[in-house]
Amino acid sequence: MRKVRVRFAPSPTGPLHMGGVRTALYNYLFAKKHGGDFLLRIEDTDQGRFVPGAEQYIIEALKWCGIEPNEGVGYGGDCAPYRQSERKPMYKPYAEKLIAAGWAYYAFDTSEDLDNIRKQAELAKMPNWQYNSISRMTMKNSLTLPVDEVEKRLAAGDPYVIRFKMPRNEEVRFQDLIRGWVVFSTNELDDKVLFKSDGMPTYHLANVVDDMTMNISHVIRGEEWLPSAPLHVLLYKAFEWEAPLFAHLPLILKPDGNGKLSKRDGDRLGFPVFPLEWKDPETGAISSGYREKGYFPKAFINMLLLLGWAPGNNQEIFTEQEMIDAFTIERIGKSGSKFDPDKTRWFNQQYLRATPHHELAQMLQPLLKEKGIDVSLEYTENVVGLMMERAVFVEDMLEGMYLFQGPTEFDAEAVSKKWKVGESAVIIQKWADAMNALEDFSFESIDHRFKEFLQEENLGMGAVMPLFRLLLTGTLTGPAAAQVASVIGKEEVMKRVAFGIEKLG
RNA sequence: GGCCCGUUCGUCUAGGGGUUAGGACAGCAGAUUUUCAUUCUGUAAACAGGGGUUCGAUUCCCCUACGGGCUACCA
């Protein structure tokens, strides 16, 4: 087997969709598993669709996801350049080689000509007109025009394209690594343009030439390319090159209804479809990103891994090395997968819980600073210990703002339900005095003293705890009140109790 | 329309000629928790339909239905 070299080859026409990230991931894992190379090639042969910033976005997004190429745009390598626009001069000789070998021809029909023919055909109820092995004989090309006229046109600089001369009555078959044998009849394929009149190759030519010259061993790409795979196979044959192995990935579908996942679905259902936030340079419209929403890149990747691939056992959480070890193309599913935002959240929760407290504290601190709260890392770590089990995102731990500042208001419903003017204050004051006498203000110590206190006073849990919590936090929900007390410290507890009694009476 | 690809719980999936068709997310119900969350336990939930092949098919083959992709001088 030749050395594994795979590529991810997006077009810089906008932000990278999560489906693209998954394609990149599978390529990356496959390369790593086989000690191969993973390259990033930018396919920018369509100047009309170029979007500024898109290329940078792609590079940054892959970096954030931790699936970095070891060769390609932004990384360099022996096959540079990796941007097709910079490889422009390379392609024409290949197209000419094809013409010389009888695999391609010049065509002089303009876009307008073709549009007209298609319109006419539609009117005649032949909705699917193609420039193919039959119709080409009625068109203006180097197959139908006299040789001297062709030369004259070429010399005069008439615009032309180069088309592939699709053979007639042949079967193209190739073995897709995911689907098995796939068979096409050349009679259904058209004479695709390989080289455009603007001097640029089309995707098909550029892709095949680059894959060959970059020594790509496996082409792992989206299913939308399956219909053009036979053309690519034929191109390799025409060039007398060894074709890479193909694997066509099923698509990611929208969570509800039918069809492939699109930007609109994210807006509509409230989840990102892009790894990073993207601002459209034309409209200024913002599309949300997983990074900005507070997802861990590893959780995002782990989710993507399992969307269309399964290890065969019940493992769901994978380290990068485990992914690399377990990944095989054969275990990629054949059918499209509906994206599940809920499960994505679940993955994030799993990763959050697996993250050490001090790391979470480091992530939480900047968020606190934004809110004007400056506390020590040690203190933040205590907060994390208290809040992490109820959080899906780091940001969720901010819900316990009472860990940083005492309540100024009290939940009205809770007050009317639990607080009895005159009575409650007396009990709470007693309990506060008991706490005040405590040397050790750890959770265990407070908890222990609390139980004693209940015995001494002959009171039930429910008679004191909710009141205490209310004064501490202003609400009736959250972590154990004694734990909150321990984190904020004795002095603060006393302050809050005093404030509460004062305020509620 | 044509061509190609696909179809196991609501969703992601495991499985594979004889299984109580397994797991996870989401759902529901209980337990624990002063509360919320967590956790635990339990529960409901699937082989698209029809023909073959076979002693036996969810598994293999065919057809239909449904879904998806492609059908540009876009990738």
Side-chain angles (χ1 to χ4, degrees), chain A residues 9-13 43-46 48-49 84 107 109-111 114-115 118 125-131 159-163 176 178-180 182-185 187-190 192-204 206-207 221-230 248 250-251 253 255-260 303 306-317 331 333-347 349 353 387-392 396 399 414 418 450 460-470 473 475-482:
Chain A
S11 286
T13 55
E43 310 222 328
D44 55 349
T45 53
D46 186 356
R49 292 212 305 162
Q84 288 182 332
D109 320 272
T110 64
S111 300
L114 298 176
D115 283 349
R118 289 204 175 90
K125 295 207 171 169
M126 304 271 294
N128 208 25
W129 185 87
Q130 290 196 138
Y131 205 123
Y160 66 87
V161 300
I162 296 174
R163 283 182 182 272
D176 185 276
I178 294 172
R179 287 147 216 289
V182 183
V183 186
F184 290 84
S185 161
N187 293 357
E188 282 129 23
L189 273 18
D190 61 348
K192 276 272 178 295
V193 171
L194 300 177
F195 197 83
K196 302 186 266 190
S197 58
D198 67 358
M200 277 293 218
T202 60
Y203 168 84
H204 303 102
N207 188 261
R221 76 223 304 189
E223 195 183 25
E224 70 270 26
W225 295 107
L226 194 49
S228 49
H248 289 94
L251 269 19
L253 277 14
D256 59 342
N258 305 316
K260 70 174 171 183
M303 176 279 295
L306 265 358
L307 198 59
W309 176 87
N313 54 33
N314 288 330
Q315 185 175 359
E316 297 211 271
I317 304 296
R331 296 201 64 90
K334 293 176 170 57
S335 50
S337 314
K338 289 189 179 178
F339 171 68
D340 184 352
D342 279 334
K343 189 120 189 191
T344 309
R345 288 171 51 83
W346 178 80
F347 274 111
Q349 189 179 39
R353 286 182 189 175
M387 299 304 291
M388 72 181 292
E389 73 176 17
R390 56 225 306 129
V392 171
D396 292 346
E399 265 176 39
K418 299 285 180 188
F450 182 62
M461 209 49 122
V464 191
M465 221 19 137
L467 301 176
F468 184 40
R469 174 195 299 285
L470 186 64
T473 69
T475 78
L476 248 30
T477 63

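Here the structure is a predicted model, which is why all the values come from computation and not from measurement. Below, read A as the first sequence line, B as the second, and so on, with proteins coming before strands; counting in each chain starts at 1.
- Contacts of A/Asn187 classified as side-chain hydrogen bond (donor to acceptor under 3.5 Å, both in side chains), with partners at least two apart in sequence or in another chain: A/Asn169.
- Nucleotide B/U59 is matched to nothing when pairs are restricted to Watson-Crick or G-U wobble geometry with both distances under 3.5 angstrom.
- Partners of A/Asp340 by side-chain hydrogen bond (donor to acceptor under 3.5 Å, both in side chains), not counting sequence neighbours: none found.
- Remark: side-chain polar atoms of A/Arg331 are paired, donor with acceptor, to backbone N or O of A/Ala310 under 3.5 angstrom.
- Residues passing the salt bridge (charged side-chain N to carboxylate O under 4.0 Å, His left out) test with A/Asp115: none are found, sequence neighbours excluded.
- For A/Glu224, there are no side-chain hydrogen bond (donor to acceptor under 3.5 Å, both in side chains) partners two or more places apart in sequence or in a different chain.
- Using the Watson-Crick or G-U wobble rule with both distances under 3.5 Å, B/G1 pairs with B/U71.
- Side chain of A/Ala481, nearest nucleotide from B/C73, B/U34, B/U71: B/U34.
- The ring-ring contact (aromatic ring centres under 6.0 Å, His included) search around A/Phe347 returns none, not counting sequence neighbours.
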note = Nucleotide by nucleotide, nucleotides 5-15 of chain B touches protein heavy atoms under 4.0 Å in the pattern (B base, S sugar-phosphate only, - none) SSS---SSSSS
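- The side-chain hydrogen bond (donor to acceptor under 3.5 Å, both in side chains) test applied to A/Gln84 returns A/Glu43, A/Asp210, not counting sequence neighbours.
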I'd like a table of atom pairs between the protein and nucleotides 38-41 of chain B - only N or O on both sides, under 3.5 Å - with the distance next to each one.
unit_1	atom_1	unit_2	atom_2	d
B/U38	O3'	A/Arg353	NH1	3.2
B/U38	O3'	A/Arg353	NH2	3.3
B/U39	OP1	A/Arg353	NH1	2.8

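- Nucleic acid contact for A/Leu476: base, since at least one base atom lies under 4.0 Å from a heavy atom of the residue.
- Scanning for salt bridge (charged side-chain N to carboxylate O under 4.0 Å, His left out) contacts around A/Lys343 gives A/Glu316, with sequence neighbours left out.
- Judged by distance alone, with hydrogens and angles left aside, the side-chain atoms of A/Asp44 form no donor-acceptor pair with the main-chain N or O of A/Pro12 at under 3.5 Å.
- Ranked by how close their nearest RNA chain B nucleotide is to the 5' end, A/Tyr203 and A/Gly462 are led by A/Gly462.
- Proximity of A/Thr202 to the phosphate of B/A75: no side-chain N or O atom is located under 4.0 Å from OP1 or OP2.
- Using a 4.0 Å heavy-atom distance criterion, A/Thr344 is classed as making no nucleic acid contact.
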Would you list the protein and nucleotides 61-65 of chain B atom pairs, both N or O, that sit under 3.5 Å from each other?
none

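- The separation between A/Trp225 atom CH2 and B/C74 atom P is 12 Å, rounded to whole Å.
- Residues satisfying the ring-ring contact (aromatic ring centres under 6.0 Å, His included) test with A/Trp225, not counting sequence neighbours, are A/Tyr203.
- Residue contacts shown for A/Pro479 include a base, since a base heavy atom lies under 4.0 Å away.
- At a threshold of 4.0 angstrom between heavy atoms, the contacts of A/Gly460 with the nucleic acid are absent.
- Within the nucleic acid shown, A/Ala480 comes within 4.0 Å of at least one base atom, counting heavy atoms only.
- Note on A/Arg163: only backbone sugar-phosphate atoms sit closer than 4.0 angstrom, heavy atoms only; bases stay farther off.
- The ring-ring contact (aromatic ring centres under 6.0 Å, His included) search around A/Phe468 returns A/Trp431, not counting sequence neighbours.
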